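Throughout, a chain's letter reflects where its sequence line sits, starting with A, and its residues are numbered from 1. Because the structure is predicted, anything quoted here is derived from the model rather than measured. All values below come from the heavy atoms of this structure, side chains included, with hydrogens, waters and symmetry mates left out.
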Amino acid sequence: MLVLAQIARWEMTFLLCAFAAVVAFQLLTGRINTRYLLWGTLANEKRYFSPERVQLLIFTLVTAFQIVQQVSENPSAAKLPEISQKWVALLASSHGVYLAGKGISRFVGGRDNG
Amino acid sequence: MAEFQHALSLVAGLLVDLLIGGYGIWLLILMVRGKVDLSRLISEPNGDASLSRFQLLIFTLVVALSLFVIVIGNPTAPAFPDIPGSILSLLGISASSYLVSKGIQFSDPNGVKDRILEVTPKGIQLATGATQQFTARISGDPSTTVTWSTSNPSLGTITAAGLYTAVAAPPAGSCNIVRAETADGTVGTAVVL
């Protein structure tokens, strides 16, 4: 039974890594559409480069990296890694800034005049 | 009897493993060949990429992969690991942000518009030998690049720049359709009589 578990382990590891590699490759080569990922839309349908999206992307990538790093350091742990409450609060604030920016630009369009 | 049960469970496990592995490899091949289209994985209906979808995708994949790594990390007794409150909070924030983001979009008086490719003029009647310049534009995207084609080249041809030349008059009751298509598959049409 242990041999079967080993086979399944290697098979799933290969498949998941391959899926992740395909998605990452397609993102980096533009086959997965990332057009206007960091751009917002004003009420008058004009676009603007959106710093609130940039900060959210940075916080998201840093948090994801933290989780991956902790898991890779201790893959035989009995539970998923803990993230500090301060960091969770920071991430929530980042999302709040993103949503506030999106709401303001959509309904007020305050950036229209520059 | 116990040995028979053990052998049976081994065979059943191997079959399930082969089935899942085979399906995974088949899916992988389809993805690499482009048969499973991932191009709009994080796109809105209007064709723009969405950061709220992207961050939800990242957290979902990272947490799912971490769970898997931990499950297979224990070689003797694989078990479903505990999920700490901070990870649940993180997933909750991510999903809530996505939902609120969609709420903002759909609360917009303008709503979420489909990506529409406008071809002008929409319809025109041309004499044989006459030419007509067509233009194609997506609202809010001044740099629209399209590929032009016609449904019946024996009635009329069109250049890469959108200049249509009427080769012959269409039979009564029919027309030639001018088609513009962007790289992401958005299509717009016009009619030539």
Worksheet entry | Heavy-atom closest contact (Leu80(A) atom, Leu67(B) atom, distance) | CD2-N, 3.9 Å
Discussion item. Please output the residues of residues 81-101 of chain B in contact with chain A, using a heavy-atom cutoff of under 4.5 Å, in numerical order.
Written reply: Pro81(B), Asp82(B), Ile83(B), Pro84(B), Ser86(B), Ile87(B), Ser89(B), Leu90(B), Ile93(B), Ser94(B), Ser97(B), Val100(B), Ser101(B)
Discussion item. Please identify, among Gln85(A), Met12(A), Arg53(A), the residue contributing the most non-hydrogen atom pairs under 4.5 Å to chain B.
Written reply: Met12(A)
Fill in: Segment of Glu82(A) engaging chain B (4.5 angstrom heavy-atom cut-off)
both
Discussion item. Please report the interatomic distance CG(Asn33(A)) to OG(Ser43(B)), rounded to the nearest 0.5 Å.
Written reply: 3.5 Å
Worksheet item: Nearest heavy-atom pair of Gln26(A) and Met31(B): which atoms, and what distance?
Response: NE2-O, 3.4 Å
Fill in: Pairwise side-chain contact, Leu15(A) with Ile25(B), heavy-atom cut-off 4.5 Å (strictly under)
yes
Discussion item. Counting only non-hydrogen atoms closer than 4.5 Å, can you tell me which residues of residues 146-155 of chain B sit against chain A?
Written reply: none
Worksheet item: Rounded to the nearest 0.5 Å, how far apart are CG of Leu28(B) and CG of Leu16(A)?
Response: 10.5 Å
Fill in: Portion of Thr13(A) that has a non-hydrogen atom of chain B nearer than 4.5 angstrom
both
Practice prompt. Please report the closest heavy-atom contact between Val32(B) and Arg31(A), naming both atoms and the distance.
Written response: O-NH2, 3.8 Å
Worksheet item: Which members of residues 52-63 of chain B, sorted by number, sit under 4.5 angstrom from chain A on a heavy-atom basis?
Response: Ser52(B), Phe54(B), Gln55(B), Ile58(B), Phe59(B), Val62(B), Val63(B)
Item to complete: Using non-hydrogen atoms and a 4.5 Å limit, figure out which bit of Val22(A) sits close to chain B: side chain, backbone, both or neither.
Response: side chain
Discussion item. Taking side chain as everything from C-beta outward and backbone as N, CA, C, O, which of these in Leu51(B) sits under 4.5 Å from a heavy atom of chain A? Side chain, backbone, both or neither.
Written reply: both
Practice prompt. Would you indicate whether the side-chain heavy atoms of Arg47(A) and Asp48(B) approach each other to under 4.5 Å?
Written response: yes
Practice prompt. Examine whether an atom of Ala77(A) lies under 4.5 Å from a heavy atom of chain B, and if so say whether it belongs to the side chain, the backbone or both; otherwise answer neither.
Written response: backbone
Fill in: Partner residues of Thr29(A) under the side chain to side chain donor-acceptor pair (under 3.5 Å) criterion, sequence neighbours left out
none
Worksheet item: So which part of Tyr98(A) gets closer than 4.5 Å to some heavy atom of chain B, the side chain, the backbone, both or neither?
Response: side chain
